[in-house]
4 protein chains.
Amino acid sequence: MTVRPAGHKALLAAASAQFAERGYHAVSIREIAAAAGVSLSALYHYYPSKQALLAALLHEGMDDYQARCAEALAEAGHDPARRLAAVVGATVRYRAERSEASLMLMNEARALEDEERERYRARQREASDRFRQPIDAGVAAGIFTTPYPDDVRRSIIASCNAVAQWYRPDGPDSLDDLVEHNIFLAYTLLGYERRTPTSKVRQLSRARADDY
Amino acid sequence: MTVRPAGHKALLAAASAQFAERGYHAVSIREIAAAAGVSLSALYHYYPSKQALLAALLHEGMDDYQARCAEALAEAGHDPARRLAAVVGATVRYRAERSEASLMLMNEARALEDEERERYRARQREASDRFRQPIDAGVAAGIFTTPYPDDVRRSIIASCNAVAQWYRPDGPDSLDDLVEHNIFLAYTLLGYERRTPTSKVRQLSRARADDY
Amino acid sequence: MTVRPAGHKALLAAASAQFAERGYHAVSIREIAAAAGVSLSALYHYYPSKQALLAALLHEGMDDYQARCAEALAEAGHDPARRLAAVVGATVRYRAERSEASLMLMNEARALEDEERERYRARQREASDRFRQPIDAGVAAGIFTTPYPDDVRRSIIASCNAVAQWYRPDGPDSLDDLVEHNIFLAYTLLGYERRTPTSKVRQLSRARADDY
Amino acid sequence: MTVRPAGHKALLAAASAQFAERGYHAVSIREIAAAAGVSLSALYHYYPSKQALLAALLHEGMDDYQARCAEALAEAGHDPARRLAAVVGATVRYRAERSEASLMLMNEARALEDEERERYRARQREASDRFRQPIDAGVAAGIFTTPYPDDVRRSIIASCNAVAQWYRPDGPDSLDDLVEHNIFLAYTLLGYERRTPTSKVRQLSRARADDY
DNA sequence: CATGAATGAGCGTTCATTCAT
DNA sequence: GATGAATGAACGCTCATTCAT
């Protein structure tokens, strides 16, 4: 399936890991090439510059996240509550399953040079709008009763995004539980009446990783 | 009044602005010195290294934030709801009023070298605990009824922190409103019954800055 | 013939000349690169650091000197007097023919960093032992009759080493003469009876270079 | 007695120790000032530059050595053998008792800038001549019978100078013994007939320090 | 395609020295 | 006379990138 040579994937993986952990400017292309097990010249064979490598990673990550959202929304139908739940679920899953890519998407955009950064910022606004639309629709329809829909939207987005920073697969809650809880919290913030906690048992588990 | 020489403050201000905007590794000390209007050698007269400058900035910011929290908590008494509100309020205010410092505190810790980073991470855990303690106390006392106190805590922290990224003083809401709303949202998430929206009028304002 | 790129040899030659003349710390890598006619980056392509360049030079010089001693000793058989003469001859020739390298070997070891310096000092002790062994053997066998073999050994070593400081190829004596004289002086100090001055004609020539 | 302030001596002592051990260019004036316990500005109060400090140290050391030689020669009368013995003795004592200064005098002259270096080299030639004169006189008078007086002179000088590198006060031989032995070796090299080993007992002691 | 050699610019840092007080 | 602040130049070294093969 992969038309690209073998080194290509290793390069993306190595760069993603390093950029996510230490930041674009802290990582040299020699380190990336070495971590990927390819020569410096091979790196430049695949990507014309360090910038291009970053841009490719960010857009690839965005593509993946966007596709997951589109799929979830397609299944959700027209109900604003179900649509918002779809976005929250897709986002939480992406932040948890692809935390490395998520950290890059959230933190490294500033390392893009001017033109590419603007293109990327536009895609981030699209992502923000995927939350905004069902919320505004639900508020307009009267099914979301929060007096502060903007603050609620920001809170929901921030909560989903934060998953990338603290979630560990070996934590106490399953990923499915995490998704459910976040949807429940979002409904709570929105003042959505039909919401119920999925699990009846009170969860008192403690997270492993630092969540601040 | 200032016992330190003049260039000292300008150096901290310039470094803080640059680190917050572009990241530690993207900023050269020559840029910092130039932005502060001092010579490169003068910078080294005040701080022995770029690392030390970063560490000084992070600890100074943490000191400031910590002091604001301590003051707010001192006024809050023993009620868990009031204590949580104090921490939320202090955090939101700090993130809004000192957004530059906040971005540095949240994003640049990873640029610290090993030992100093550990010291700093410990202070971040203390900050996290300032949220955890009133929440756990309120849950134990039965006044917070959320089934997911850990997820709620993370959500509250993430929402407060996010303020640093999107808040602009010239936005539609006053800072006092922003604080009230965030306390209201926190109470909502916690299932705290005595909460009421401070303002009766539905807010439909739109944020200016990108909030994703 | 040379598998190494062209710049490599020029670099070693330039560094050796500069270190010998002015000392490791007085020479900048930019000066070395410029003297070798290569760029600063090229220097770092061949050697990872200034230290590594020094270490390479010192070990290469030591290898050369060691090989010359080994060859001379192999020809000398078992007689202590002939063995001592072999070491004196090899040393005097090396000090004269490779005076630049010799000055580096004698003066720049202190610029090595800890670990490498210890390795190098061990090789210097080996070199010292190459004098000590035939002297002690000859003393034990009764063919060297000096009452102060340790002081004699030090004097012989010092005399050989000093050649690097004062010898000039255009001086009045040939190198073969210089070797003979030094062997004669060594035998004289040791109280070795069979010695004779090789040349019957009294030499009254004056050295050119400063010999203090 | 000292008309100079207290810091002055400490400065000379610290600089001498550092220069002797690590070399002029490896030592910063900040290190010297710190080691002497004086401020950087104080250093510049006493000496206008690092160069001047080095020159002062070298000339001071030379003055001391010269005075010791003059005193010994004054006692020696006119006999070439006694005069040579006086110079050897004074030199060995100076190299042993002031080994730090001696190492500086021998190794750091190259760090002097042009004019001062020439002045210093002239003084080194004077020192060399203090050996040359009695040797040539003894040869002319027929009391020194060596066929190679120049090589002998260089050997004697090298042997005396080497004392600074290997002598330790806690070694097996007393300094008086060391002087005697060196005079004996010098007479041996010169073919001076009246010489006798001072101590009748064969010495088999081993030196402690590395003597290569 | 793929490689090792090579580059110029810039990095964080230290240097000997000077200056105001 | 003595101090801390400040400086410009240079240090050893690494950077992203290019080139010849």
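By convention in this document, chain letters (A, B, ...) are assigned in the order of the sequence lines, proteins followed by strands, and residues within each chain are numbered from 1.
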- Can you tell me if the side-chain N/O atoms of A:Y44 get under 4.0 Å from OP1 or OP2 in E:dA2? no
- Item | Most 5' of C:Q51 and A:H25 on DNA chain F, judged by nearest nucleotide | C:Q51
- Nearest nucleotide by nearest heavy atom, which residue falls closer to the 5' end of DNA chain E, C:A42 or B:K50? C:A42
- Dot-bracket notation for DNA chain E is requested: 5' to 3', Watson-Crick or G-U wobble pairs only, both distances under 3.5 Å, with ( ), [ ], | and . as defined. .||||||||||||||||||||
- Message: Could you tell me if the side chain of C:R123 sits less than 4.5 Å from the side chain of C:D63, heavy atoms only?
- Response: yes
- Work out which heavy atom in D:A36 is nearest to a heavy atom in D:L11; give both atom names and the distance. CB-CD1, 3.6 Å
- Message: Within the 3.5 Å criterion, strictly below it, is a donor on B:R22 or A:H25 matched to an acceptor on the partner's side chain?
- Response: no
- The answer to which of D:S39 and C:I29 contacts DNA chain F further toward the 5' end, by nearest nucleotide, is D:S39
- Gap between atom OG of A:S49 and atom CD of A:E113 - 0.5 Å precision: 7.0 Å
- Selection residues 45-57 of chain C - residue pairs positive for salt bridge (Lys or Arg N to Asp or Glu O under 4.0 Å), sequence neighbours left out: none
- Toward the 5' end of DNA chain E, which comes first, A:S41 or B:P48, by nearest nucleotide? A:S41
- So, is A:H45 near the phosphate of E:dC1, with a side-chain N or O under 4.0 Å from OP1 or OP2? no
- Should we count CD of A:E21 as having more than 12 external heavy atoms under 6.0 Å? no
- Message: Using a distance-only criterion (donor-acceptor N/O pair, under 3.5 Å, no hydrogens), is the base of F:dA10 paired with the side chain of C:R30?
- Response: no
